[in-house]
Amino acid sequence: MAKLEDRAPAPKGSLNDDIGEEKRLALYRTQVVIREAEQRAYDLFLQNLVKGTSHLSLGQEAVAAGFAGAMRPGDLSFCTYRGHAHTLARGVPIVQVLGELMGRDIGLMRGKGGSMHLTSVEHGVMGSYAIIGAHLPIACGAAWRAQYKGAKDVSVCFFGDGTTNIGAFHEALNFAAVWKLPVVFVCENNLYMEYTPISDVTAVKHPAADRAASYGLPRIVIDGNDADVVYRAAIEAYDKARAGGGPSLIECMTYRYSGHSRADPAKYRPEGELERWKERDPIKLYRERLRAFGVGEDAILRIDAEVKREVDEATEQCKAAAPPALDILTTDVYADGGFAWRN
Amino acid sequence: MAKLEDRAPAPKGSLNDDIGEEKRLALYRTQVVIREAEQRAYDLFLQNLVKGTSHLSLGQEAVAAGFAGAMRPGDLSFCTYRGHAHTLARGVPIVQVLGELMGRDIGLMRGKGGSMHLTSVEHGVMGSYAIIGAHLPIACGAAWRAQYKGAKDVSVCFFGDGTTNIGAFHEALNFAAVWKLPVVFVCENNLYMEYTPISDVTAVKHPAADRAASYGLPRIVIDGNDADVVYRAAIEAYDKARAGGGPSLIECMTYRYSGHSRADPAKYRPEGELERWKERDPIKLYRERLRAFGVGEDAILRIDAEVKREVDEATEQCKAAAPPALDILTTDVYADGGFAWRN
Amino acid sequence: MAELTYRDAVIRGIAQEMTRDPDVVFIGEDIGKAGGVFKATVGLYDQFGPVRVRDTPISEQAILGAAMGAAMTGLKPIAEIMFSDFIAVCFDYIANEFPKSRYMSNGQVKCPLVVRTGNGGGARFGAQHSQSVENWCMMIPGLKVVAPSSPRDVIGLMAAAVRDPDPVIFFEHKSLYATKGEVPDGEIVDTLGSAKIVRPGKDATILALALMVPRALAAAEKLKSEHGIDCEVIDVRSLVPLDTKTILGSLARTHRLFTVEENPRLCGWGAELVSIAADEAFYDLDGPPVRITTPHIPLPAADLLEDIALPSVERIAERVQRSLQS
Amino acid sequence: MAELTYRDAVIRGIAQEMTRDPDVVFIGEDIGKAGGVFKATVGLYDQFGPVRVRDTPISEQAILGAAMGAAMTGLKPIAEIMFSDFIAVCFDYIANEFPKSRYMSNGQVKCPLVVRTGNGGGARFGAQHSQSVENWCMMIPGLKVVAPSSPRDVIGLMAAAVRDPDPVIFFEHKSLYATKGEVPDGEIVDTLGSAKIVRPGKDATILALALMVPRALAAAEKLKSEHGIDCEVIDVRSLVPLDTKTILGSLARTHRLFTVEENPRLCGWGAELVSIAADEAFYDLDGPPVRITTPHIPLPAADLLEDIALPSVERIAERVQRSLQS
Ligand SMILES: Cc1ncc(C[n+]2csc(CCOP(=O)(O)OP(=O)(O)O)c2C)c(N)n1
Ligand SMILES: Cc1ncc(C[n+]2csc(CCOP(=O)(O)OP(=O)(O)O)c2C)c(N)n1
Ligand SMILES: [Mg+2]
Ligand SMILES: [Mg+2]
């Protein structure tokens, strides 16, 4: 747990502080939804019911829950290939996410996008982008529209530590800073790119935060495994953005439990690293906090059971669901609904 | 002269200090060569003998002279479209540079590259690159080769303030820092992109130096109009690179007198700015220093006259020179000398 | 009716659309206060103000990415990429983002934007500032691609591009900026995907684009007067959507096909059109379809070299004549 | 002789060249310690050490730029771009730097490097990780472009690419990594620019590349057994240089041409070859040359959709049969 020294101490507080019971239960539920749905996705790979690739956020649930939990309707999320968590956290039904992973007609995009491209405009999930860095400038654009229109929504852009070394990161951060755009850049530092430790290929210790000054922004590193910490950091950044204060760059320290993607057994990790991170498992930690704040065990168990049932039901629904109609192969290339490039 | 406060004070010293008389006269001569050749290039535009575009370094001569003057044979220069100065500073004959601008057969690349792509491998000028930022990674590659081979040469990469906002800048700086490459990045901050002030579009005051920390590098801003200051900064960075200490990023404050390119009358500059900068003209300043250090007026005038004659002769030679043979149109696309992409 | 330069037509085209629709915004490097490096955006900053006409850093990825994010969420951005060669530094948006977002999202995401860019040779700028790269875009499913040859078409196609619900790459030819043409008063709106027969003829069909249109026309006149060959010249105008009806219709009358491309030889729009003709109009063809192109080389800077690189009136005429009379 | 997977052939091909020449170095993301995301570089790090096999940050522009700078000054770098779709984020090097430096410098600058990249569909990765983009490179003057279909060709063409003095883009097909083939012992060195007749036949010439080669072969067998149609199948192997002799030679015997392309329809290598054939072998052709391609769409992720997008054995056979028997 090399980076523990950067963490804020566990938050003080009580059930009815600035976050409050209702929000806390929601943050808990979101984390459990992600955990259960991701674990189910993994089981479905093993059964060969999820084809292609898939990138799980097991271990990183608090980041997604905290940032989404602090959003208002109308705020926009921009995700990566590792986007199931952020998509679910905005309230997209589990069945649509699993359905997409399984290539079913009930999938969020009827199987056309797949695991790496989850999009639900209705829920403010403006796409999941599979080319490293591409969505940072795109999020700037959405924020520019908000600024131009005088809308009060915030664009929130999630990406990994490895993404901080690609050119688009730099261009987007400078652009957002100069134009004072209402965009929040969230770096989920899970210590690894695909298989290579970020520290092997980065000139600074904190790949995002240590570069904030390059864009005139404050250095922010937070404990990404504590949903309360994440939630508070999100609120602060959103408030700043809505008030015309410009962008924020927040580096969240966290860890992914499974391999980078379906294909990866993650053997490159030093012994014990995973286990040490699991001691600070975001869900375990949050459950303990709820208990410590006096939330009853039954309330917690109820959430666990409800989510479990939801995931089970979604799984069955997906298994029974039809594949997409083959004629959608050529729909929606152009706005006229088709793919005609000639007369 | 907004940026004067960043400048080092004029160097103390004497004629026989660390720089010495011989080197000082060479630095002076290089600056005069650039000044005269560039002014001639401009005259030749007006006579429509230089076609296409052309980007002059009038006012920025000290940067080119200082960095080239501190190089050893075998060190490599990577330039931009604004590369006449750096090419001349490495000793490439004026006639070859003017010949290239005029599209003559005696041109450095026989007219195939033109003003923006001056290249003389023989002199260590490894190309002039006209796509902003592209050559920063390329310079890393040359430095990587030196590191790999255990060679002691340094790669020096010149670029403008505006170039610090493009992705390739960021990628190259991180890459060079992580691999500890013997490369020196030289930002010539002349306050403007093409026509837009750099401060309008950049999140920090010093577009290069204020970002050095993002790559674990020290912040260096120098007076780019003082060839002694430039020379000393170059020596220090080259020594560090040769000793395995990795890259440097040096921001030189300077100013271009003419428009961005041939097409630009530079009307966007606030009144008086040009005049204020001309008060600290690098050649005027250097001439005064030579005098103050006791160099005789005749030695200075001799250099001026020699250079003037060289430029005149080169001009006449170019005017009289033949255009390139038309069959070079299709040579040297591939290494076999031709352009055959099929049998 | 007024005579306008191609350059001023760009200004008028953008102004027409910005006046019509407050959601049309315009960004790029040096396009605002300075009026653009080709002076093709002069006055827009003064007319529409710094909020709608906005100078950017040298960050082509940020420019196109921002245009896309704005387009997805309700604006109609026009983004300038100064020279079309620079599309290479932001090609991810052109190739992977703009054109795929609608499809991948099963129609949820829209991307109504225009990228306008200075394309083509003739200005002695050398290999990295002179390319014709419309093929880089034509080959990408999901984009629309236009390249006007006259001031009138600049305005009409600009309007069509801005109003189009899909991403449109708009190629302005640098060597046409100073050329002039008649332009009607009032609003001009064209349609994407229509080619124009700019010279009717019966002996052969010559397809051309942008700067090659005036050259093909001149070659046709030369062929007529010197050899009595009567060529039909078609300004393709829009590569996607592609007006194959007009093109194949012409071929059905003339039975011979020539394409005149400024881009280098391999995999150009000429190859696409020849392939379509060879497949669909094989029995219409009385002889081999011929592509006239720039050779497959980077472009040289020196004027004499550049002049022989791009298809010239003489080369076009000679090639057509040789082919028809062999 | 040994049976090797295409994946292991990549490893062997790189190892062969790194053993031969100490100036061959290899960089990319996760290629070293981790052995590559396709496991196509496993063991190279252990064999050649961290100085010659070097992991990079996620900085494709730095990777290609560094490869170029090293190549210019004396090394022979192999650079991996993990998925060929990512060529879009470093396209400036592919389109404007590698291929133009020699020409612009009048032959002073050399650029002997190899970019190897995972190309093509079939893995259900969706629109941004599945493309066949060899055309993005073929259309750029100054590059060489190869795409092997068998383990033996992987090694032989890799050796040829590494030893070539020009920049070579080396497309490995992701859906071929697990396929096997016989490979002779000892050093294998092929030549760039030679196509291979992989099945002789007399009724039609079918051109294919990479994953489309086994499909074209299977389609040819099907056509033979079901319809008595005897197709010659040519593995194009190298798009630049292009072996038009072998291709036009075949056409002179069969008189019918089909191209099978995985890339989307417009401006592909198929269009180039059809155009060459239509121009130079017009009178050899007994019927329209036909391109069989992926439709002009981004690729879908779902397996059933992806399967119908790419040309299949059935589609190839059906199209050839329909065309020949109409
Ligand atoms: C431009 C580009 N380069 C490389 C990849 C391949 N790739 C996918 S994920 C990944 C690692 C990303 O690491 P990080 O940003 O830390 O995110 P994480 O996966 O850890 O969430 C890489 C290299 C890509 N998708 N796009
Ligand atoms: C990728 C790219 N974008 C834009 C341009 C056009 N352009 C050429 S020079 C220039 C300004 C560069 O400014 P700076 O880096 O400060 O260098 P200076 O010209 O002042 O020396 C621009 C935008 C380019 N050549 N390449
Ligand atoms: Mg990571
Ligand atoms: Mg500048």
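Throughout, protein chains are lettered first and strands after them, A, B, ... in sequence-line order, and every chain is numbered starting at 1. These numbers come from the heavy atoms of this one structure, side chains and all, not from hydrogens, waters or symmetry mates. Note that the structure is a prediction, hence the values are computed from the model and not measured.
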If you count heavy-atom pairs under 4.5 Å with chain B, which of D:Asp166, D:Leu248, D:Asp164, D:Thr246 comes out on top?
D:Asp166

Other residues, nucleotides, ligands: >12 heavy atoms within 6.0 Å of B:Glu122 CD:
no

Check each atom of B:Leu329 against the heavy atoms of chain D and say whether the ones under 4.5 Å are side chain, backbone, both or neither.
both

Tell me, side chain or backbone of D:Val89 under 4.5 Å from chain B's heavy atoms, or both, or neither?
neither

Given that the side chain runs from C-beta out, which part of D:Leu143 has a heavy atom under 4.5 Å from chain B: side chain, backbone, both or neither?
backbone

Let me know if B:Leu181 has heavy atoms under 4.5 Å from chain D in its side chain, its backbone, both or neither.
neither

So which of D:Thr56, D:Leu64, D:Val25 has the biggest tally of heavy-atom pairs under 4.5 Å with chain B?
D:Val25

In terms of heavy-atom proximity below 4.5 Å to chain D, should B:Val333 be classed as side chain, backbone, both, or neither?
both

Here the gap from D:Met104 atom CE to B:Met109 atom CE, rounded to the nearest 0.5 Å, amounts to 7.5 Å

Of the listed B:Gly107, B:Ser120, B:Gly111, the one with the largest count of heavy-atom pairs under 4.5 Å with chain D is B:Ser120

Atom group of B:Phe78 that falls short of 4.5 Å from chain D, counting heavy atoms
side chain

Highest number of heavy-atom pairs under 4.5 Å with chain B: which of D:Lys245, D:Met68, D:Arg102?
D:Arg102

Distance check, rounded to the nearest 0.5 Å: B:Asn343 atom CG versus D:Ser194 atom OG?
9.0 Å

For chain B, the option from D:Leu239, D:Val51, D:Leu75 that forms the most heavy-atom pairs under 4.5 Å
D:Leu75

Leading residue by heavy atom contact count with chain B [cutoff under 4.5 Å; candidates D:Asp92, D:Ile58, D:Ile63]:
D:Asp92

Residues in residues 129-137 of chain B near chain D [non-hydrogen atoms, under 4.5 Å]:
B:Tyr129, B:Ile131, B:Gly133, B:Ala134, B:Pro137

Distance-minimising heavy-atom pair for D:Asn106 and B:Lys112:
OD1-CD, 3.5 Å

Whatever's closer than 4.5 Å to a heavy atom in chain B on D:Pro57 counts as side chain

Check this for me: B:Lys180, atom NZ, are more than 12 non-hydrogen atoms of other residues, nucleotides or ligands nearer than 6.0 Å?
no

Ignoring hydrogens, what is the shortest heavy-atom contact between B:Tyr334 and D:Pro141? Give both atom names and the distance.
OH-C, 4.4 Å

For D:Ser59 and B:Asn174, run side chain to side chain donor-acceptor pair (under 3.5 Å): C-alpha distance rounded to whole Å, both residues' side-chain angles, the deciding distance at 0.1 Å, then the answer.
CA-CA 9 Å; D:Ser59 306; B:Asn174 182 63; 4.9 Å; no

Quick one: which residues of residues 149-167 of chain B reach chain D at under 4.5 angstrom, heavy atoms only?
B:Lys149, B:Gly167

How far apart are the C-alpha atoms of D:Arg54 and B:Trp144, what are their side-chain angles, what is the distance that settles it, and do they pass the side chain to side chain contact (heavy atoms under 4.5 Å, CB included) test?
CA-CA 11 Å; D:Arg54 210 155 169 185; B:Trp144 167 36; 3.9 Å; yes

Quick one: pull up CD in D:Glu272 and CH2 in B:Trp341 and give me the separation to the nearest 0.5 Å.
5.0 Å

Passing candidate, side-chain contact (heavy atoms from CB on, under 4.5 Å) with B:Arg342, options D:Ile247, D:Asp243, D:Ile276
D:Ile276

What's the spacing between B:Asp332 CG and D:Ser101 OG if we round to 0.5 Å?
11.0 Å

So, the part of B:Glu100 with a heavy atom under 4.5 Å from chain D: the answer is neither

Can you tell me which portion of D:Gln108 sits under 4.5 Å from chain B's heavy atoms? Options are side chain, backbone, both or neither.
both

Toward chain B, the part of D:Lys110 with a non-hydrogen atom under 4.5 Å:
neither

Check whether B:Ala139 gets within reach of chain D through its side chain, its backbone, both or neither, counting any heavy atom under 4.5 Å.
neither

Which answer fits B:Tyr148, side chain, backbone, both or neither, if we ask what part of it has an atom under 4.5 Å from a heavy atom of chain D?
side chain

B:Ile138 side, atom CD1; D:Glu97 side, atom CD - distance, nearest 0.5 Å
4.5 Å

